[in-house]
Student: 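Quick one: the structure is below, questions incoming.
Just so we're clear, the structure is a prediction, and the values are computed from it rather than from any experiment. Position 1 is the first residue of the sequence, and the numbers go up from there.
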Amino acid sequence: MKALVYQGPGQKDWIEKDKPTILKPTDVIVKITKTTICGTDLHILKGDVPAVTPGRTLGHEGVGIVEEVGAAVANFKPGDAVLISCVTSCGKCANCKRGLYSHCDDGGWILGHLIDGTQAEYVRIPHGDNSLYPIPEGADEEALVMLSDIMPTGFEIGVQYGRVKPGDTVAIVGAGPVGMSVLLTAQFYSPGRIVMIDMDPARLALARQFGATDTIQVGSEDVVAKVMEMTGGLGVDVAIEAVGVPATFDTCQKIVSAGGSIANVGVHGKPVELHIEELWIKNINISMGLVNTNTTPMLLKTLGTGKVDPSKLVTHRFGLNEMLAAYEVFGNAAREKAMKVILSA
């Protein structure tokens, strides 16, 4: 089969590789029909995730058709259409029992990280019964790919951890795919105002279409001064970091109100400076984390009812064998006006 393989920082190849096989009775082999590229994949290619070693197939998102199941798999059979979760869950360990699937003793975020991932023609999914979801008949597969990772990530780590409430003023720093997912799912809680902050005017215009009430363009406006002006000097109730660089986290520290929350969603490859000397007295909450995907069933329901339509995030489409071209577009998102790319087999 063909797969996108990490060969070290800055190096990747679309090459021939052995098709995965059943290694444990709980495994499922899935033939990929649609997959995508994540900002985390770009962090890996920069060398920000040293646990990813050369030879690893990247990717942790996608949908496909079950090809083969292990002897212990009860919920799926060959031919079933499935959504692949970015987080693998055994369902039995202490962390899984409390819904902390991202820290499963025999799983967590392992696809495209510690084991081969979904940017390939086939993928092995450990603990298939707990790590796959049946695709509802007639569902939009492109929209479903967004439910592998970015939608639950934005919702759980941004909206839920940020404790968004009705009437809140929410600032989202970073209008990439995850920031947009935060924007879409924050509206479940009817915040009074959602401010999207980014450098790219095209992304800010798209954010307006998705429900942002206000936008601030980094570089053309003083972000902190503008936020304080908009909030009467109070700051925002919830500041959500969705980029993963020190400057954006610092912006969140400066714009959060007393009694507010900072929710860090971005993947950071470098240390950030925590201004605890200023923040301790403001009674704020700071949160961060890796998505657990325990909200995926609920998000599947919202997709089915039309409450949210993540397919709007798809801007570019490629064939699976055009993986390198897709990376070129996604890696130059501002130039290409790219949000999310879909690769179809």
Student: Pairing donors with acceptors under 3.5 angstrom, does anything connect the side chains of Thr295 and Glu156?
Tutor: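 The criterion, which ignores hydrogens and geometry beyond distance, is satisfied for Glu156 and Thr295.
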Student: As an exercise, state the distance from CD of Glu121 to NZ of Lys2, rounded to the nearest 0.5 Å.
Tutor: 7.5 Å
Student: Would Asp27 and Lys24 pass as an ion pair if we require N to O under 4.0 Å?
Tutor: no
Student: State whether the number of non-hydrogen atoms from other residues, nucleotides or ligands found under 6.0 Å of Glu273 atom CD is greater than 12.
Tutor: no
Student: Report the C-alpha distance between Arg335 and Glu328 in whole Å, list the side-chain angles of each, state the deciding distance to 0.1 Å, and finish with yes or no for salt bridge (Lys or Arg N to Asp or Glu O under 4.0 Å).
Tutor: CA-CA 10 Å; Arg335 184 188 73 197; Glu328 179 66 21; 3.5 Å; yes
Student: Please give me the minimum heavy-atom distance between Phe330 and Pro177, naming the atom from each residue.
Tutor: CE1-CG, 4.4 Å
Student: Answer yes when Asp222 and Lys226 have at least one side-chain N-carboxylate O distance shorter than 4.0 Å, and no when they do not.
Tutor: no
Student: For Lys12, look at atom NZ and say whether over 12 heavy atoms of other residues, nucleotides or ligands are found less than 6.0 Å away.
Tutor: yes
Student: With a 3.5 Å cut-off and no angle check, do the side chains of Gln119 and Thr35 form a donor-acceptor pair?
Tutor: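 No donor-acceptor contact under 3.5 Å links the two side chains.
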Student: May I ask you to decide whether Lys17 forms a salt bridge with Asp116, counting only side-chain N to carboxylate O separations under 4.0 Å?
Tutor: yes
Student: With a 4.0 Å cut-off on N to O distance, would you call Glu61 and Lys340 a salt bridge?
Tutor: yes
Student: Would you say that more than 12 heavy atoms from the other residues, nucleotides or ligands in this model lie under 6.0 Å from the CE of Met298, or not?
Tutor: yes
Student: Excluding sequence neighbours, so at least two apart, what forms salt bridge (charged side-chain N to carboxylate O under 4.0 Å, His left out) with Arg193?
Tutor: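 Salt bridge (charged side-chain N to carboxylate O under 4.0 Å, His left out) list for Arg193, sorted by chain: Asp214.
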Student: Indicate the ring-plane relationship of Trp109 and His60, choosing parallel, tilted or perpendicular according to the 30° and 60° boundaries.
Tutor: perpendicular
Student: Once you round to the nearest 0.5 Å, how far does CG of Asp309 lie from CG of Leu184?
Tutor: 8.5 Å
